[in-house]
Amino acid sequence: MLRFAPSPTGDMHIGNLRVAIFNYIVSKQLNEGLIIRIEDTDKARNIEGKDKEILEILNLFSIDYVSVFYQSDNLKYHQKMALQLMTQKKAFACFCSDTKLEELKEESIKKGIPFRYDGFCETLSDETVLNTNAPFTVRLKKPDHNIKFTDVLKGDFDYAPFDVDSFIILRQDKTPTYNYACSVDDMLMDISMVIRGEDHVSNTPKQIHIRESLGYTKEIKYVHLPIILNAQTGKKMSKRDDASSVKWLIEQGFLPSAIANYLVLIGNKTPTEIFTLEEAIKWFKIENVSKSGAKFDIDKLRFINRKHIEMLDEMRLSKILGFADENIGKLAKLYLEEASTIKEIKAKLDDIFSVKTTLEGFEEESKKVKEVLQKTSYFESYDDLKNHVTENTALKGKNLFKPLRYILTGVENGPNLADIYPFIKNYIGEIVR
Ligand code: GLU
């Protein structure tokens, strides 16, 4: 079983979507299911509705899964297992206050050494614990041996007990910390491979130590994906980069199929540049993903988006644009020379269907052309329409073509009118109104 474990704490980042896509592809390749686990135990950071938004995005990208879990529903298991660890003396109650811990942290910073828990409460007798009337957290004792694991991309890691530390598994309110809930749930859900962002590498030894302490022996494979870099600045795609938000990209008119294609393409060796996720399932190799940061370039995504729009069935494209006529899909594809997103194509259609006034410098001519076209019956070919306008306005050259283009498309430049006309001929009444 694989899992995608987003926290409902903000807009979905493209890095997270990349993690979801890779989990989806690998789950299909291994013929194992994919579970969506909403990691909602950090109540203070949860944002209402973000869980639904994440699920909607996964649907939009056709990432199918076997079930959705909310981590907070597993609270009773997290607590029961903490009790088991305490009974076995593998975990202990820690009464150290936040203030004291802060002081210890400050001291470490001053000394220039990493902060580690000083082990004070580990030595308290059961009697003292029972007689202490103060809130406490539960800490897991650090391991007595090094924790080792191999990451599929990054190779071997080896953490000394000091670096794993005796860390908190239940907060004072008895809710689980991220590492604890995550590790227990990976165990309960029988996860075989964890694919996630590389910011979690240092959590991995803690999560392995938790499961070892609980007596769980199944080995979980780890794949930590490198961060996504802004190709222009070379820096991490942060929340400040608009393009880091999946929602923003969708609103800008990038197709999910193109975004998915691009997120698989970057930092990877792929047999072709343009593909669908279903095709990628056939050749994708998680071990081929680059260890170094994947560079995100919005101009390249625009190119890929054009290719995916081109591949769309014309009726479907027309529906995405708010019509139900394959001619509108064909018309939209004509505009791919100058538009790269659904939003940009929509703007072109809006120009065509807008109410036109007169073209600057050609006021009289525009008026004449418009009047003739308003009285015109249907013409099958562009040549017939053009001849009809020429005969009835006595205009020629640019005095004819400039206003004619303006009245038919709302702008002065664009694809050839002869190419556009077959797709708009049924709408002339509306266009010249
Ligand atoms: N909730 C964690 C996050 O969104 C997921 C960590 C994991 O996949 O283990 O970063």
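When a residue number appears, it is its place in the shown sequence, counting from 1. Since this is a predicted model, take the numbers as computed values, not measurements. One-based numbering, in listed order, for ligands and for the atoms of each.
- Taking Lys221 as the reference, nothing meets the salt bridge (Lys or Arg N to Asp or Glu O under 4.0 Å) condition, with sequence neighbours excluded.
- Ion pairing between Lys300 and Glu273 holds under the 4.0 Å rule for side-chain N and carboxylate O.
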What side-chain donor-acceptor pairs closer than 3.5 Å can you find for residues 423-433, not counting sequence neighbours?
unit_1 : atom_1 : unit_2 : atom_2 : d
Lys425 : NZ     : Glu380 : OE2    : 3.0
Tyr427 : OH     : Asp325 : OD2    : 2.4
Arg433 : NH1    : Phe353 : O      : 3.0
Arg433 : NH1    : Glu430 : O      : 2.7
Arg433 : NH2    : Phe353 : O      : 3.3

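- Counting non-hydrogen atoms of other residues, nucleotides and ligands closer than 6.0 Å to CD of Gln88 gives a total above 12.
- The side-chain heavy atoms of Arg211 and Gln207, taken from C-beta on, include a pair separated by under 4.5 Å.
- Applying the salt bridge (Lys or Arg N to Asp or Glu O under 4.0 Å) test to pairs two or more places apart or on separate chains, none has a residue in residues 229-240.
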Can you produce the list of protein nitrogen or oxygen atoms under 3.5 Å from a nitrogen or oxygen of ligand 1, alongside each distance?
unit_1   : atom_1 : unit_2 : atom_2 : d
ligand 1 : 1 (N)  : Ala5   : O      : 2.8
ligand 1 : 1 (N)  : Ser7   : OG     : 2.8
ligand 1 : 1 (N)  : Glu39  : OE1    : 2.7
ligand 1 : 4 (O)  : Ser7   : OG     : 3.4
ligand 1 : 8 (O)  : Arg3   : NH1    : 2.8
ligand 1 : 9 (O)  : Arg3   : NH2    : 2.8
ligand 1 : 9 (O)  : Tyr178 : OH     : 2.9
ligand 1 : 9 (O)  : Arg196 : NH1    : 2.8
ligand 1 : 10 (O) : His200 : NE2    : 2.8

